[in-house]
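Read through the structure below, which is laid out as structure tokens, and then see the notes.
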Amino acid sequence: MLSGLTHRFRALFRRKAVDQEMDEELAYHLDREAEKYRRQGVSNNEAIRLARMSLRGVEQSRQECREARGTKSLEILGQDVRYGLRMLRKTPGVTFLILLSLAIGIGANTALFSVTNTLLLRPLPYPHPDRLALLWLRSPGIGIPQDWPSPGQYHDIRTQNHVFDQTAILIDESFALGGMSKSMKVDAIEASSSFLPMLGAQPLLGRVFLPAEDHPGKGNNVVLTYGFWKDVFGGAPGVLGRSLELNGKTYTVVGVLERDFRLNREAIPTIGGIDKPQIFLPLPMDSGDETNYGPEDFNILARLKPGVTPQQAQADIDRIATRLRIEKHRDPSFTISVVPLMEQVVGNIRGSLLILFGAVGFVLLIACTNVANLLLSRATARQKEIAVRSALGAGRRRVIRQLLTESLMLSLAGGAAGLAIAAASLKTIRTMHPGNIPRLDELGMDYRVFAFAFATSVLTGIAFGLLPALRVARVDLNTMLKAGSRGAQQGGLSIRRDRLRGVLVIAELAISLPLLVGAGLLVRSFMRILDVPPGFNPDHVVSMQLSAEGVKYQDHAQRVEFYNTLEQRVRQLPGVTAEGVVTALPLTPAVGWGEVDVEGYVAPPNQPEIQVDQRLASVDYFRAMQIPLAEGRWFTPDDMGKNASVIVDEKMAHFFWPHSEALGKHVRNSSKDPWLTVVGVVGVVKEYGLNEDTRMVMYRPNFGSTAYLVARTASDPAAMADTIAAQVREIDPEVPVYNIATMDQRLKDSMARQRFSMTMLAAFAVFAVVLAAVGLFGVMAYLVEQGTGEIAIRMALGAQRNSVLRMILRQGILLACAGIALGLAGAALLTRLMASLLYHVSAYDMATFAAVALLLLAIAVTACVFPALKAMRVEPMQALRVD
Amino acid sequence: MTPERLELPQGTLDLLILRTLALEPMHGWAISERLQQISHHALQVPQGSLYPALHRLERQGSIKAHWAASENNRRAKYYQLTRVGLKQLEAETAAWRKLTATVSLVLDEA
């Protein structure tokens with residue numbers, strides 16, 4: 001087998017040498033044969049003739065030998081490729097257009113496939129990733145789509161489920177790292193000992209946590225990530241047993257994790273919103289925690305038993321949730337949902353990705369149609385050449401094969417260019433860095449992407465090549481060869497004579513229209529979101545997070561003192577016009593909500609309990625953010641730290657006191673807390689994103705241990721960040737400053753995903769329209785070229801130039817209208833699918849549909865005008881003389 | 001011309017070439033001569049089919065070729081049997097024997 005192959009290869013690539021050898025071999029045979037005859041007494045000439053006869057014609061022998069070598073099909077391929085290259089070089093313009101169409105079509109598809117591949121197809125880097133799941137509390141009925149579970153719920157789930165073979169509970173915590181030269185914030189995850197092994201985390205040094213450490217009193221141990229070990233300990237091998245000072249408490253290093261261990265917010269969104277944990281701590285729980293349903297701040301990670309489906313797991317957990325709902329008097333919509341980890345990571349992007357994939361598939365379809373159309377023009381022009389080849393004995397299959405070889409060459413070349421385009425697009429996407437799109441740092445091309453690009457190229461090559469090939473090969477020899485120098489299809493000025501090309505153009509337009517509509521809807525929706533007032537003025541505001549968490553800040557007075565000093569110093573900085581401190585800044589992961597008790601308010605029966613966002617704000621926070629005051633007054637320095645006053649937002653004021661003043665009313669968190677008096681009502685702030693609903697909010701005048709400092713500046717806010725951070729360091733070098741960003745930036749980041757979908761879809765739509773326009777232009781130009789004779793005759797018979805122009809334009813517009821009408825129908829069917837991506841725009845938005853139809857019509861007319869003008873300029877006498 | 005020359009049945013040329021090469025490596029002309037001698041000139045070796053057959057067998061890996069000096073001191077292409085070829089020869093010989101025996105049996109008995 002192998003020898004057969006090498007033999008063939010040698011025969012193929014060293015054809016000359018092999019042919020020479022064969023000639024030598026046959027010559028040797030002839031000589032010996034002739035010699036034999038001569039020895040029998042035959043004359044020299046006769047001997048040679050007899051020898052040749054015995055080989056039945058030397059040439060035929062040679063041919064048969066070649067075929068016996070088994071390279072015939074490969075040689076034909078070589079012939080076809082060489083011939084094809086010659087043909088492609090002959091018409092460089094068309095070849096370029098074809099390659100461009102294909103490169104765009106295949107490139108866009110490959111780029112999007114890379115994204116999909118990275119996001120959806122590549123498994124998460126954990127053992128049995130398909131069996132890992134997160135558990136979330138949901139109470140949609142009271143405006144809580146997702147909440148973190150509590151230790152009590154964890155205990156119930158762990159002990160009562162039948163579907164998990166492993167469960168873990170965890171919570172994040174940020175520490176100030178002490179004893180170092182520079183203050184630093186450290187993000188930690190505190191977790192039960194089962195957590196790290198579930199994620200396949202292996203210790204590079206030392207160990208991970210032991211089950212015994214799930215109970216209190218087992219010492220303060222810490223496991224470091226590889227990165228933290230490198231950064232803080234310089235990768236010292238003797239790190240085990242060394243100590244780490246976190247918020248003034250000493251911990252002992254017992255292990256360092258492997259370098260490739262990865263965990264971030266995308267996989268497990270913790271309540272504090274830390275991005276990547278740097279260290280891990282045990283989470284000791286005592287028997288009291290087993291019944292502690294209060295702090296709903298924890299994540300629960302579970303691993304399904306082998307063979308258990310997420311649906312089965314959900315059914316089992318539903319049972320536990322139902323019991324909890326009744327026993328703990330939860331609202332009727334309360335559930336605990338089992339979210340597979342993959343779903344958690346990519347969940348809400350899957351929809352947009354599938355829509356984009358549909359869109360990019362359309363682009364490829366248009367590219368194929370376009371190329372088929374261009375090839376068709378060329379193939380028609382080549383009919384005569386093909387007729388000649390057929391007359392010389394080339395079979396129908398042979399001709400189709402030749403044409404398909406050409407289109408495959410084109411598609412493979414286009415695919416190669418497409419790969420380059422895809423690589424460039426991926427680079428752009430990474431640079432765009434659509435913040436909240438998961439796993440994007442893993443984005444890249446792997447063998448699947450290459451396989452995809454190759455398969456797409458081959459399929460498109462066959463798809464767009466087959467139609468013209470079949471059509472040309474159908475050529476009727478007689479008509480073709482008899483007809484004049486211009487071929488049989490020649491002379492028509494009506495697209496009706498060439499229905500196939502007309503249909504292709506209509507199809508292109510019809511396919512590109514839904515894309516345009518989709519892009520238009522997304523753009524409109526994006527504008528609508530941009531129009532939503534955020535409730536504060538993001539212009540010229542810089543914000544940063546700090547944690548005053550060390551031992552000394554356990555004392556509340558110390559904390560107040562720290563923040564007061566800081567605020568005072570920042571206020572006096574030149575360039576700062578206002579500043580303030582708040583625990584949960586809008587558009588950050590920081591959250592906090594809880595129950596509320598309103599004096600005199602009796603909830604109607606069956607109304608679910610009400611959850612209200614809780615924030616601690618300093619006196620000047622509202623002024624710094626320019627959150628408008630609707631009624632009452634701001635906080636004063638006297639209010640700070642005294643549990644007496646509260647400011648609510650308009651949503652809360654309207655809900656509880658729709659008919660009277662909110663000012664002077666009393667609210668509290670629970671019956672154990674003192675009543676707070678409402679002193680002011682402020683505007684609603686878009687806490688969770690411009691297109692997300694907010695909860696009601698109450699602000700209390702106080703400082704949290706972790707908080708955001710905001711400063712409104714006169715000049716570039718980003719430039720002030722360092723100056724402000726320096727103030728923090730001067731007051732207390734142990735308070736870390738992090739998560740620095742301007743509010744403009746946060747606003748922009750919060751819309752990253754919408755912007756990403758919109759940009760991608762708009763780009764695809766532009767590709768599609770350009771391709772469709774090129775297609776229409778090509779067909780009309782071809783029509784005019786082929787119809788020059790007819791135009792000339794009409795003109796010679798007295799037709800006006802204007803009427804020629806009208807005739808051409810009319811046909812183009814008819815094609816365009818047919819395409820647009822079909823496209824509108826298609827769009828009406830398809831835009832429904834993207835309803836979930838739209839914000840306050842109907843999927844059937846009339847304005848968008850109409851605008852897109854008009855736009856496409858305008859483009860189509862433009863594409864027809866140039867060929868039409870050319871037709872108008874035909875000089876009848878000159879054109880008629882050509883034949 | 002010797003009378004009563006036999007036409008070679010389809011497919012037997014390969015078998016005869018392999019059998020001839022089982023003795024020793026040979027070049028094309030020698031193969032054709034040997035076949036005629038052994039068959040006492042009763043076989044009409046179709047020389048025109050000889051070389052295509054040789055190239056085909058070479059491609060299949062049944063025989064391999066090398067260039068060497070011939071008996072008259074010229075360069076000639078010598079073919080020799082490979083292990084694949086030897087197996088093929090054995091298998092095809094057995095098949096041929098069985099076929100001819102069966103055909104004779106039918107002819108004799110019927």
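The model shown is predicted, which means the values in this text are computed figures rather than measured ones. First the proteins, then the strands, lettered A, B, ... as listed; each starts at 1. Any value given below was found using the heavy atoms of this structure, including those in side chains, with hydrogens, waters and symmetry copies removed.
Screening A:Glu35, A:Glu33, A:His29 for a side-chain hydrogen bond (donor to acceptor under 3.5 Å, both in side chains) with B:Trp29, the sole residue that qualifies is A:Glu33.
When every heavy atom of B:Arg75 is checked against every heavy atom of A:Tyr28, the shortest pair comes out as O-CD1, 3.8 Å.
Heavy atoms of other residues, nucleotides or ligands lying less than 6.0 angstrom from CZ of B:Arg19 number 12 at most. Within a 6.0 Å sphere centred on OH of A:Tyr83, heavy atoms belonging to other residues, nucleotides or ligands number more than 12.
With respect to the salt-bridge test (charged N to carboxylate O, under 4.0 angstrom), the residues A:Lys36 and B:Glu33 qualify. Between B:Glu71 and A:Arg32, at least one side-chain N (NZ, or NE/NH1/NH2) sits under 4.0 Å from a carboxylate O, which counts as a salt bridge.
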### Task
Output, in order, the C-alpha distance, side-chain angles, deciding distance and verdict of side chain to side chain contact (heavy atoms under 4.5 Å, CB included) for A:Met22 and B:Tyr51.
CA-CA 9 Å; A:Met22 187 174 65; B:Tyr51 285 94; over 6 Å; no
### Task
Before giving the answer on side chain to side chain contact (heavy atoms under 4.5 Å, CB included), spell out for A:Glu24 and B:Arg74 the whole-Å C-alpha distance, their side-chain angles and the decisive distance to 0.1 Å.
CA-CA 11 Å; A:Glu24 192 180 340; B:Arg74 280 182 53 189; over 6 Å; no
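Among B:Ser70, B:Ala30, B:Gly28, B:Ala65, the residue making the largest number of heavy-atom pairs under 4.5 Å with chain A is B:Ser70.
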